[in-house]
Amino acid sequence: MDADIGRQAATRIRLDQWTLAVHAVERQYAAQPQLWGRYGSSGLEASRRDTAATLNYLAAALDALDPGVFRCYAVWLRDLLVSRDLGGELTTHFDVLRNVLGERLPAREAALAGYYLSEAAGALAAPTAPPEPPATGRDPWAELRQNWLDRLLAADRRGALDLVRSAVQGGTSVAELYLQVFQPGLREVGRLWHLSRVTVAHEHYVSAATGWLMGQLQAHAPTEPVHGRRFVGLCVDDELHELGLRMVCDFFDWAGWETHFLGARTPRRSVPPLVEALQPEVVGISCTLPIHVSYCRELVAALRASPAGRQAVVLVGGQALLAHPGLAHQIGADAVGSDAASAVSQAEQLLAARTAA
Ligand code: B12
């Protein structure tokens, strides 16, 4: 019952997102006239956009019936605002949203949305704790990772290539570079962006250069003989975070799978016909942002409605699904994978279990 109310509220909020945002910002400026002094009318448009984004996350949480999705977003947003010197006081903002939704949604939907907003406001009462860098004390990869990152943040991708090539010559495997250097190193870039220590352009450069490095390293990756099983991997609509899935696809490739990587922002309607044509044993769906989880659900449902999709094991992964593990089951996937190495063994186990059943 609650699930229906959550989904209905999510749909209504998404459909009416801009109008709700305009009303909420008008109220907020009326409640806090000092905002005019701080941001002026030029800030109005940005405030509306940001409020629409917040409503989108609220809708994602309601859709998943998981207040934790919105709570995590609220803490992330507060820390982002603090790091950009924009205060980080969100309680009034959430009060305003609760009032606006209270007037514009049916009572039960408004009550549920109001509960999610209050719950998140409660979490914000805890003091700000900026995200910590990974502990490097006894981490044998820390030095290589830091050198790789320093080079990429200095826009020196050739220097980074020299570095990882000599690591390979010294006995480091490409798989280790992926999981011990690139993966945590990329997450560190995200942390630095969140803290305003690097820009979005750095994030773009480091990720583009890492994709290039991964391509350069393929010749050094040992590959098993091809065994005929197929893996199709894609990122859902609007999802630009594709490096994680590329790593997953490379691991399947090295393990002898015939691998089809469809890349970022794959329109979900286009997937079932391709799966029908390729008949893969496993379909992998990647989703980093919680606001895209509903696309995963729709895609899994569409796959289950097609003969080849019903036969395939559906694995999901990416940070949105890792952070909220209950979601994978809720959207109808067979399992959630935590990283590229375990994805292959997980897929093999799920297939073996199916054959045995
Ligand atoms: C690189 C990056 C980008 C790049 C992506 C480029 C690319 N080609 O992929 C660009 C610059 C485009 C980008 C854009 C944005 N990003 Co960004 N991004 C990142 C960053 C720094 C690294 C992501 C990454 O590659 N991680 C490394 C990979 C290897 O790890 P992974 O994705 O988790 O993948 C592993 C596992 O999860 C698993 N896995 C993944 N998929 C699958 C699938 C299957 C089937 C299986 C089994 C397993 C599996 O295996 C993978 C390999 O081991 C993260 C920081 C972070 N904490 O990750 C932020 C981050 C994800 N981005 C963030 C944000 C906010 C954005 C933007 C909204 C704004 C911005 N910063 O530019 C836009 C949104 C774009 C969109 N619509 O998707 C936030 C998200 C916060 C949130 N929870 O909502 C983060 C966390 C940064 C932060 N600290 O705030 N981003």
Side-chain angles (χ1 to χ4, degrees), residues 72 76 79-80 83 129-223 233 235 239-255 261 264 286 288-289 317-323 337-345:
C72 287
W76 173 87
D79 293 348
L80 188 77
S83 82
E132 290 290 325
T136 53
R138 262 178 264 112
D139 179 354
W141 301 99
E143 194 183 337
L144 176 59
R145 190 161 60 233
Q146 192 57 51
N147 290 338
W148 162 84
L149 190 52
D150 289 346
R151 276 174 206 184
L152 289 188
L153 289 176
D156 177 15
R157 66 175 187 157
R158 293 208 177 277
L161 179 60
D162 290 343
L163 189 77
V164 295
R165 272 207 183 123
S166 33
V168 168
Q169 274 150 19
T172 299
S173 70
V174 179
E176 285 170 325
L177 285 174
Y178 274 34
L179 294 182
Q180 307 297 343
V181 177
F182 301 160
Q183 176 170 303
L186 283 159
R187 290 182 181 162
E188 172 64 1
V189 174
R191 191 186 72 86
L192 295 173
W193 169 80
H194 198 186
L195 292 172
S196 294
R197 297 202 193 138
V198 300
T199 65
V200 163
H202 287 108
E203 201 177 86
H204 273 265
Y205 181 83
V206 174
S207 46
T210 304
W212 176 76
L213 287 174
M214 286 162 60
Q216 300 291 316
L217 289 169
Q218 292 313 301
H220 303 280
T223 305
C235 300
E239 184 63 68
L240 289 180
H241 299 93
E242 46 85 32
L243 280 177
L245 180 72
R246 268 180 71 177
M247 292 190 185
V248 171
C249 286
D250 285 350
F251 271 75
F252 273 94
D253 217 35
W254 303 334
F261 169 62
S286 185
T288 296
L289 299 183
Q319 290 177 40
L321 295 152
L322 274 185
S338 57
D339 68 25
S342 57
V344 177
S345 45

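When a residue number appears, it is its place in the shown sequence, counting from 1.
- Put simply, the side chain of T223 gets close to the backbone of A221: a donor and an acceptor are under 3.5 Å apart.
- The distance from atom CH2 of W148 to atom CG of L161, rounded to the nearest 0.5 Å, is 13.0 Å.
- For the pair C249 and G233, the tightest heavy-atom approach, listed with the atom from each and the gap, is SG-CA, 4.3 Å.
- Atom CG of L186 sits about 6.0 Å away from atom CE of M247, to the nearest 0.5 Å.
- Side-chain N or O atoms of H194 include one that pairs as donor or acceptor with a backbone N or O of W76 at under 3.5 Å.
- The closest side-chain heavy-atom distance from Q180 to T172 is not below 4.5 Å.
- A donor-acceptor pair under 3.5 Å is formed between the side chain of Y205 and the backbone N or O of R157.
- Not a single side-chain hydrogen bond (donor to acceptor under 3.5 Å, both in side chains) links D162 to another residue, sequence neighbours left out.
- Partners of S345 under the side-chain hydrogen bond (donor to acceptor under 3.5 Å, both in side chains) rule, at least two apart in sequence or in another chain, do not exist in this structure.
- R246 places a side-chain N or O within 3.5 Å of a backbone atom of G211 that can act as its donor or acceptor partner.
- Here OG of S286 is found 6.5 Å from CD of E239. Values are rounded to the nearest 0.5 Å.
- Taken from OG1 in T210 to CG in L177, the straight-line distance is 11.0 Å, to the nearest 0.5 Å.
- A 4.5 Å side-chain heavy-atom check between F251 and L179 finds at least one atom pair inside the cut-off.
- Heavy-atom minimum distance, F261 versus L245: CE1-CD2, 3.8 Å.
- Residue R158 holds its CZ atom at 7.5 Å from CD of Q216, rounded to the nearest 0.5 Å.
- Put simply, the side chain of E203 never gets that close to the backbone of V189: no donor and acceptor are under 3.5 Å apart.
- Contact of the E188 side chain with the Q146 side chain is not registered, since no non-hydrogen atoms from C-beta on lie closer than 4.5 Å.
- Side-chain contact check for V164 versus F182: some heavy-atom pair is nearer than 4.5 Å.
- Distance check: L213 CG to R165 CZ gives 9.5 Å after rounding to the nearest 0.5 Å.
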